[in-house]
Amino acid sequence: MATHKSDFLNILAERGYIHQCSDFAGLDALAAKGEIVAYVGYDCTAPSLHVGSLISIMMLHWLQVTGNKPIALMGGGTTRVGDPSGKDETRMIRTIEEIDANKEGIKGVFSKLLTFGPGKHEALMVDNAEWLAPLNYIEFLRDVGRHFSVNRMLTMDSAKLRLDREQELSFIEFNYMLLQAYDFVELARRYGCNLQMGGSDQWGNIVTGIDLGRRMGTSQLYALTCPLLTTASGAKMGKTAAGAIWLNEAQLGAYDYWQFWRNTEDADVGRFLRLFTALPLSEVERLETLEGAEINEAKKVLATAATALVHGHDKAEAAAETARKTFEQGTLATDLPSISIPKAELATGIGVLAAFVKAGLVKSNSEARRQIQGGGLRVNDEAVTDEKLLVSSKMLTGGDVIKLSLGRKRHILLRPE
């Protein structure tokens, strides 16, 4: 049953996106009239965003679907400082060239989920370096810094948690909340932005921006946060033993992305279908009632729908078909992820430990040894029992590849070149 006037807040509530809101009634009234202009900020710390950022991108998606305007803010300026929120140590300072390269890398995912253009409800992408880079420090302290209480700043989680653990908080990081608050004010002035969204760890920074806007004469500003997701077993969403689950194909192929969702814990299937797909809720409700072996069908639907949003329908279907051939038919799907190995190297043979490290299935020779002892490594579906085994061209199959496997679900093909 709908609890809000606006489709925007009803959809977000029904699908599980809402953690906190500064003023539900006021935001609901704006959303019902299609007058929300909302932003989420993304710092350019890597060449791709990871799946942890996808929840806020989906919030921007639903904002636009319901007739409001989203802004994707690139942190070309704030990345030069580094957000201390949720971090135990100071972020590495990146060069302007690195930041610009990362910014170009992360832009692509937004076009999959937002429609950009000059129209009233079309999305904008802007960079806070436009107003942060030219700032005069003395003027900024006078015009913006005077509105901040150091006493209050020290109570914010981003500072308090670091200090409580007696870990260093650099002065440059301490300034991050000033810059984020100022972003909100600038976006309000330039684009009529009236809502900032983000993860629940950003709540303090966002409401600080609302307060700064009030002090500097903007119209009423609002805050809306989503929960920071963990899996049913308590693991941080988007982190695996193999590393982060990146949204760009250059960092993580569509098949591995599909497999990440296919491996969702049973208890998370319904929640992730709501958050990370655009499937109708009636279909989600049907899928989450499946039990036993049937829950695997729901996981495949989740994997394909989630992959289609980020990588496109064709690559999602191809990943699903590759998985079907590999796991259900037991055949060698030659479109599994692969790496190239020089023919000369294969002719002489590569140590099995080095081969699995090179394939990225394990991080070190010692990890490979532990996996062999536990029966976790296979070459062409045969368990590896000898850590001195040589992987060579004699092992090439009919598809002219060698299949390396870690457990039942992670596979890499070695292709001679």
Side-chain angles (χ1 to χ4, degrees), residues 50-51 231 233 235-246 249-266 293 296 299-300 303 307 318-417:
H50 59 71
V51 78
T231 64
S233 62
K236 188 173 181 181
M237 178 67 186
K239 298 286 186 181
T240 68
I245 304 301
W246 301 107
E249 192 159 10
Q251 281 70 42
L252 186 74
Y255 176 80
D256 286 331
Y257 189 78
W258 189 95
Q259 278 293 333
F260 167 74
W261 295 107
R262 170 63 181 82
N263 294 335
T264 293
E265 296 175 33
D266 291 2
N296 289 324
K299 292 181 183 181
K300 292 174 191 174
T307 303
E321 178 63 11
T322 297
R324 188 183 68 81
K325 288 178 181 176
T326 303
F327 302 116
E328 295 175 19
Q329 291 185 347
T331 58
L332 177 61
T334 55
D335 47 358
L336 283 167
S338 65
I339 62 168
S340 297
I341 299 289
K343 286 182 179 178
E345 202 171 336
L346 270 183
T348 56
I350 310 166
V352 69
L353 304 181
F356 275 86
V357 172
K358 187 175 291 224
L361 290 169
V362 295
K363 292 182 179 178
S364 64
N365 287 353
S366 58
E367 184 184 344
R369 287 191 186 94
R370 287 194 299 273
Q371 289 290 348
I372 289 172
Q373 290 165 7
L377 300 188
R378 292 177 177 269
V379 175
N380 290 338
D381 296 323
E382 299 253 343
V384 178
T385 56
D386 180 6
E387 66 178 55
K388 295 182 179 178
L389 175 74
L390 284 180
V391 177
S392 71
S393 52
K394 295 176 183 177
M395 297 176 176
L396 290 169
T397 64
D400 205 27
V401 293
I402 300 170
K403 180 182 176 186
L404 304 186
S405 304
L406 171 62
R408 292 182 58 251
K409 295 180 178 178
R410 295 199 63 211
H411 311 279
I412 296 288
L413 302 181
L414 300 186
R415 296 183 182 275
E417 64 173 10

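None of the values given here were measured: they were computed from a predicted structure. Values below: every heavy atom of this structure, side chains too, minus hydrogens, waters and symmetry copies. Position 1 is the first residue of the sequence; numbering continues from there.
- With rounding to the nearest 0.5 angstrom, the CG atom of Leu404 is 11.5 Å from the NZ atom of Lys358.
- Salt bridge Arg324/Glu321: present, at least one basic N to carboxylate O contact under 4.0 Å.
- Phe356 CZ to Ser364 OG: the interatomic distance, rounded to the nearest 0.5 Å, is 13.5 Å.
- You'll find the side chain of Lys299 reaches within 4.5 Å of the side chain of Asp266, heavy atoms only.
- With contacts defined as side-chain heavy-atom distances shorter than 4.5 Å, the pair Leu353/Ile372 qualifies.
- Considering every non-hydrogen atom in both Tyr257 and Trp246, the closest pair reads CD1-O, 3.7 Å.
- Taking every heavy atom of both residues into account, Glu265 and Thr231 meet most closely at OE2-OG1, 3.2 Å.
- Among all heavy-atom pairs drawn from Ala368 and Leu377, the shortest one is O-CD1, 3.6 Å.
- Contact record, Ser392 with Gly349: CB-CA, 3.9 Å, taken as the closest heavy-atom pair.
- Aromatic ring pairs are classed by plane angle as parallel below 30°, tilted from 30° to 60° and perpendicular above 60°; the pair Trp258 and Tyr255 is parallel.
- In this structure, Glu417 and Ser340 approach most closely via the heavy-atom pair OE1-CB, 3.2 Å.
- Separation of atoms CG (Leu361) and CZ (Arg378) is listed at 14.0 Å; rounding is to 0.5 Å.
- Among Ile341, Ile350, Val379, the single residue meeting the side-chain contact (heavy atoms from CB on, under 4.5 Å) criterion with Ile402 is Val379.
- Here CD1 of Ile245 is found 8.0 Å from CG of Asp256. Values are rounded to the nearest 0.5 Å.
- The two atoms that bring Ala254 and Glu249 nearest to each other are N-OE2, 3.8 Å, heavy atoms only.
- Rounded to the nearest 0.5 angstrom, Gln373 CD and Glu387 CD are separated by 7.5 Å.
- With a 4.5 Å cut-off on side-chain heavy atoms, Arg262 and Asn296 count as touching.
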